[in-house]
Structure formats: structure tokens, C-alpha cells
Amino acid sequence: MTDPILDLAGIGIGPFNLSLAAQLDGLPDMNARFFEQRPAFSWHPGMMLPGAELQTSCLKDLVTATNPTSPWSFMAYLVAHKRFYDFMNAEFDALPRQEFANYLAWAANGIESLRFGKPVRALDFSQGQFVLGFDDGEVAARNVCLGIGLVPDLPAFAMPLAGDTCFHASAATARLPLLNAGRVAVVGGGQSGAEVFLSLLSQVGTASEVSWISRRPNFEPLDATPFTNELFTPGYVTDFHGIGEDARNASLARQKLASDGASASTLKAIYQRLYALRHLGEGALNPTLMPGREVIQMERQRGEYRLVMRNGFDGGIEIVHADAVVLATGYGFRVPEFLAPLRDRIAFDRKGLFQVNPDFSLTWDGPRQNRIFALNASRHSHGIAEPQLSLMAWRSSVVANALTGRSHFDLDLPEPVVSWTSTGAPRQRASGLPRTADA
């Protein structure tokens, strides 16, 4: 190792580590570098379907919430591309997802601390420093930050059948246009399922039957009302971390539609398309909407899929036959393989998830001054905002403050509009300062 030791090595360059890189970009005394196995930045390319919209305000970008003068804001992107006035005049009710993806790629192309085409093969700790192993050498760092994201979650009934005609929605952009299937089943009632279903309804001359299957009792919209949006604020996240594990799990179960519902605009577009198909003679496609169904078995026989479902509305058993199945079944946590050398030193909870401190560092048995931060790995401890874009600028500032040992970013906020904790209960702070490292 000939390079000087880094203050921080980031592993993975998705939006969250990109946000951290953007925040640290203005700190000349911070020697940070971020590594990504892909050759260039990309953000959910498999779900860039026509008309896909962002469910988050463009002001909740990489930096603005805590660092509005940063050169890496969404507004700076618009100005740099000379489209500020066009964007304002377009009056988007929701930002096109492709626009935000372009913004992220623009930032990734400009921030100098990023290294692409550099897969981390192993992460270890030796002689007071982390050691990142690559195909062509090693890099040492005092701290590391995991930003590798979640992985597509295939239900157990579908795993043995995954292939060209049974695939996760994360591959929809590439596979849907090539899908030569008369009958298609879409499994999953969230935003991804809604977008895939709408895309299939809009394709002319391909599928003749499309079934939309969901365990949810109805095709329900994202709850984006003001008091629900309080769940996506630093004050709530801080209070949420302070309650017990059972209480957190119960809260998460109640809050599903706050983070995992379909956009009202998408549902409206689907209904209008269904109206056109049913009443205006716009094609011979036969769509079937099947909420409240749980797929309990799936098999493939003679080139077709047979999905056996339990109807939660009346208790009946139903069967759907399809030539292709798209699984909009979300994403899940997986401990990355490169953590194998350190896995026995990291604390996990009873569900096999990281134990995460208020400053987003992991509990481990190493020195306090050497921290492993993890982004998008603590929904169970920090709440439903953790996998979302909403708080990434604030969270990056928490991590940056922890790294610098000072309040470089001002994270002191007024009391939340909603009082979550018991009267008189002490409130935690997620300032990122070192005192939270052993919380």
C-alpha cells in the first residue's frame, strides 16, 4: 500500500454514498474516496419505464437539506444544463425519474473522489486501519462507509423458476419490450408493480392478458399527507431510534403506505387506461386486477406458469395461468461477501440485521475511532425514511460530522411539529459527533 491512508473509504456508489461524497467534497481536510464495481454510475436503470415519476421532492436531493450552497444541488444541475426556466415552466406535479437519474449521473461525473470499475473483494481490519482488497492491490482507511444498497427480493416460490420469462421488476426496462408473451402476471402491489402493469397496458400488440396480483387488500396510494411526511424528518428518525425493538417493528408494520404505496398519479393513469380499453375500443387487451391474493405456489408446466393463490377477501383458492411473470416484490438486505473477514466482529440483531448506532455507524468490537458506517441498512432501527431519498442529505451530514469530530453541518433543528415521545423523556441527538459512537 503506497497511497496515504484515507479518512474514509466508501464502498458502493449509489445515491446515498454519492450524497456523502458530495457533502465531503467541500471539506479540504477530509481525504475520502469511494469505490464502485460498475464501470459508471447508474440508478435503477431497469425501472426507467416511460412516464416513471419520483415520489420525492427534487429539493430532497444530495445536499440541499443541510448544505444549500453546495455546487451539487439539483438546482445547480438545472442551471448547469441551462434548463432552469424550462423546468419551472413545465410545472411537473412529480419529477420525472429519468431527470433525477440524470442529475445523479451529472454529480457522479463531477465529484473527483469517485472511482468506478473498482470492486472491493474483501474488507478487513489490521494494525488500527481498515484494509480494502481489490483485484490490483489494497487501500487503507481509518473509517469505511457501506453504500451498496439492497438486492432484488425474489419470493421463495419463484426462486427455482427465475429466468427470461420469470424475473424481478428491477430488469423491467430491458425485458418488457422483448417479452413475447400473450399472458403476463405482475406480482406486487407497490409502485414498481403499478409501473410495470401500466407499461404492459400501454404496449400495443403484445400481451393479450395481463393480471395484476397483490397481497394488499386493494391497490392503495402512497400516503403523502403532511403529518405522514413528518415520519421523514430528522426529529422523528431520532426519536424512533430511541424506542425498543418491538415498538419499532410494530410502528413499521403500521406505516407501510407511508413509504410503499403507489403514486396517486400512477393509479389514476392505470384507471384511465382501463377505461379506454373497456369503453373506447383501444385494443383487445384483457386486464385483470386481483388484490387481496397471496401466491402460495407457482410451477411451470408445458411452457406456462401456474400460480396458485389464496383470496384474502373470501378465502377461496384461485389459479392464474401465464406465459411470463414479473415479480415486483421489492428489495431485501444481504450482508455483502466482502464483509466475511469482519463478520464475526460486527453485531447483528435477532433478525440478522446490523445493530446501528444513531450516527449510522455499526456496533462492532473494534476501536471506537474506527467506524463502519452503513447507509440504507437500518430501516429497522431508524425508520421508514432510511431506504428513501428523503433524508439522504441530512444523514450524510450526520456521518460527515462524525468523521470530522465537529458540527461542520448545523443539525440543530426546532422541536418537531408532532410530539412523538412521552412528556419529559430525554430526546436523543443524531449529531454525528463521537459521543454517539458507543450508543
Side-chain angles (χ1 to χ4, degrees), residues 1-36 41 61-73 76 104 106-116 118 120 123 125-132 134 137-148 234 356-362 364 366-377 391-412 429-438:
M1 289 178 290
T2 58
D3 294 337
I5 185 171
L6 300 172
D7 295 309
L8 175 74
I11 304 176
I13 304 177
F16 297 151
N17 254 347
L18 182 60
S19 172
L20 181 56
Q23 298 287 40
L24 296 178
D25 190 54
L27 300 178
D29 57 340
M30 181 59 56
N31 183 17
R33 201 172 299 161
F34 296 79
F35 303 96
E36 167 60 46
F41 181 87
D61 60 11
L62 297 170
V63 292
T64 295
T66 58
N67 190 13
T69 60
S70 168
W72 304 116
S73 70
L104 296 176
W106 166 78
N109 188 55
I111 298 173
E112 295 183 354
S113 61
L114 310 185
R115 302 289 185 271
F116 292 93
K118 292 284 290 184
V120 176
L123 176 65
F125 188 80
S126 176
Q127 298 179 344
Q129 60 192 22
F130 292 101
V131 180
L132 288 75
F134 302 91
E138 296 178 335
V139 168
R142 297 182 182 89
N143 304 277
V144 295
C145 186
L146 312 180
I148 56 172
V356 189
N357 299 312
D359 65 353
F360 301 96
S361 65
L362 305 186
W364 77 302
R368 292 186 180 183
Q369 67 270 21
N370 301 109
R371 279 165 290 190
I372 306 170
F373 297 97
L375 311 180
N376 195 7
L391 287 179
M392 64 177 173
W394 169 79
R395 179 181 54 198
S396 297
S397 299
V398 170
V399 174
N401 283 358
L403 290 168
T404 61
R406 64 181 188 274
S407 295
H408 177 84
F409 294 101
D410 182 4
L411 302 182
D412 288 334
R429 293 172 63 239
S431 64
L433 296 181
R435 69 179 182 84
T436 64
D438 59 344

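FYI, side chains are in, hydrogens and waters are out, and symmetry mates aren't considered; it's all heavy atoms of this structure.
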K.L.:
Would Leu24 and Asp7 count as a side chain to side chain contact (heavy atoms under 4.5 Å, CB included) here? Give the steps.
P.N.:
CA-CA 11 Å; Leu24 296 178; Asp7 295 309; over 6 Å; no
K.L.:
So, for Asn67 and Gln23, which heavy atoms are closest and what is the spacing to 0.1 Å?
P.N.:
ND2-OE1, 3.1 Å
K.L.:
Determine the minimum heavy-atom distance between Ala76 and Trp106, stating which atoms define it.
P.N.:
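Smallest heavy-atom distance, with atoms named: C-CH2, 4.0 Å.
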K.L.:
Which value, rounded to the nearest 0.5 Å, describes the distance between Arg395 atom CZ and Leu375 atom CG?
P.N.:
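Interatomic distance, Arg395 CZ to Leu375 CG, rounded to 0.5 Å: 5.0 Å.
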K.L.:
If I take atom CG from residue Leu411 and atom OG from residue Ser397, how far apart are they, to the nearest 0.5 angstrom?
P.N.:
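Reported to 0.5 Å precision, the distance equals 5.5 Å.
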K.L.:
How long is the gap from CZ on Phe360 to CG on Asn376, to the nearest 0.5 Å?
P.N.:
11.0 Å
K.L.:
Evaluate the criterion side chain to side chain contact (heavy atoms under 4.5 Å, CB included) for residue pair Leu123 and Phe130; output intermediate values, then yes/no.
P.N.:
CA-CA 7 Å; Leu123 176 65; Phe130 292 101; 4.1 Å; yes
K.L.:
Under the ring-ring contact (aromatic ring centres under 6.0 Å, His included) test, which residues partner Phe116, sequence neighbours left out?
P.N.:
none
K.L.:
Side chains of Leu362 and Val356: closer than 4.5 Å at any heavy-atom pair?
P.N.:
yes
K.L.:
Please lay out, stage by stage, how Leu18 and Trp72 fare under the test side chain to side chain contact (heavy atoms under 4.5 Å, CB included).
P.N.:
CA-CA 10 Å; Leu18 182 60; Trp72 304 116; over 6 Å; no
K.L.:
Taking all heavy atoms of Ile13 and all of Glu36, pick out the closest pair and write down the distance.
P.N.:
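Distance-wise, the nearest heavy atoms are N-OE1, 2.8 Å.
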K.L.:
So which heavy atom on Asn31 is nearest to which on Ile5, and how close?
P.N.:
ND2-O, 3.5 Å
K.L.:
Return the CG to OG distance between Asn370 and Ser361, rounded to the nearest 0.5 Å.
P.N.:
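Reported to 0.5 Å precision, the distance equals 11.5 Å.
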K.L.:
Find the distance between CG (Leu391) and OG1 (Thr66) and round it off to the nearest 0.5 Å.
P.N.:
10.5 Å
K.L.:
How far does CG of Asn401 sit from CZ of Arg406, to the nearest 0.5 angstrom?
P.N.:
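Answer rounded to 0.5 Å: 8.5 Å.
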K.L.:
Please report the shortest heavy-atom distance between Arg371 and Trp364, naming the atom on each side.
P.N.:
CA-NE1, 4.5 Å
K.L.:
If you compare all heavy atoms of Pro15 against all heavy atoms of Met392, which two are closest, and at what distance to 0.1 Å?
P.N.:
O-SD, 3.8 Å
K.L.:
Show, in sequence, the C-alpha distance, side-chain angles and deciding distance for Leu403 and Phe373, and conclude whether the side chain to side chain contact (heavy atoms under 4.5 Å, CB included) test is met.
P.N.:
CA-CA 10 Å; Leu403 290 168; Phe373 297 97; 3.7 Å; yes
